[in-house]
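Remarks on the structure that follows.
Ligands are counted one by one from 1 in listed order, and the atoms in each one are counted from 1 as well. Keep in mind that the numbers below use all heavy atoms, side chains included, and drop hydrogens, waters and symmetry copies.
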Amino acid sequence: MSALVLIVEDEEDLAATLEFNLRREGHATRVAPTGEAALSAVAEDPVPDLVLLDLMLPDVSGTEICRRLKQESRTRNVPIIMLTAKGEEIDRVIGLEVGADDYVVKPFSVRELMLRVRAILRRSRTGETAAPPGGERRFADLRVDAEAHRVWVGAFEVTLTALEFKLLTTLLDRKGRVQTREQLLEEVWQMPSELTTRTVDTHVKRLRQKLGHAGDYIETVRGVGYRFLDKPKEGA
Ligand code: CA
């Protein structure tokens, strides 16, 4: 199956090599030599199926582009493979977890990159989440690492109790769907729903306070329960 691949790379020779190889595999390509060109390319239709993103660009850094693409609802689900050079800030790329799906270190074998392209396209087509290891979940600037039981809002880590964590992930995993207080009691507290539902309200309130502005991602559905937003609000 052919895909549209956006190549964000300022080295002309490399961009041309990638273009040649991707086309030979039946893909359509677009090349952006700068971060700015990349951002305007993704603003056009159709949205690419995959982005190959150089880390060191002449204007905006690759990590910044990556972060922006992962923030925009339009491009959030587009897989990104970072192209980094040896000694460049690979740790930062992974450490900051800007949302890249994979990375290769230059000089890389084009054959290997093509295999990764194939794997990632297959994964995104079968609807598997391209979640990084650890079962990480993201929503706008909210990041939840289910395995490590850690939560960040932007660059700041938020300390949650085990219960608050479960409440957050339960809501997040069903985003866009209303969860009644009874459902939450059963799911999160594993309590029969005859027990007071005020417990839910108290904990949601505390969770929201801890999350700061990200607490607004959890909506109150009057008389029913709570709902994690389906997608980030415009301008958020
Ligand atoms: Ca470069």
Would you kindly say whether Ser61 and Glu64 are connected by a side-chain donor-acceptor distance under 3.5 Å? no
At less than 3.0 Å, would any N/O/S atom of Asp54, backbone or side chain, sit next to the Ca ion (ligand 1)? yes
Aromatic ring pairing His149/Phe165, orientation class (parallel under 30°, perpendicular over 60°, tilted between): parallel
Rounded to 10 degrees, what angle sits at the Ca ion (ligand 1) between Asp10 OD1 and Met56 O? 90°
Salt-bridge criterion met for Asp45 and Arg74 (N-O under 4.0 Å): yes
Answer yes or no: is there a donor N or O on one side and an acceptor on the other, between the side chain of Arg206 and the main chain of Glu164, under 3.5 Å? no
Under 3.0 Å from the Ca ion (ligand 1), can any N, O or S atom of Glu9 be found? no
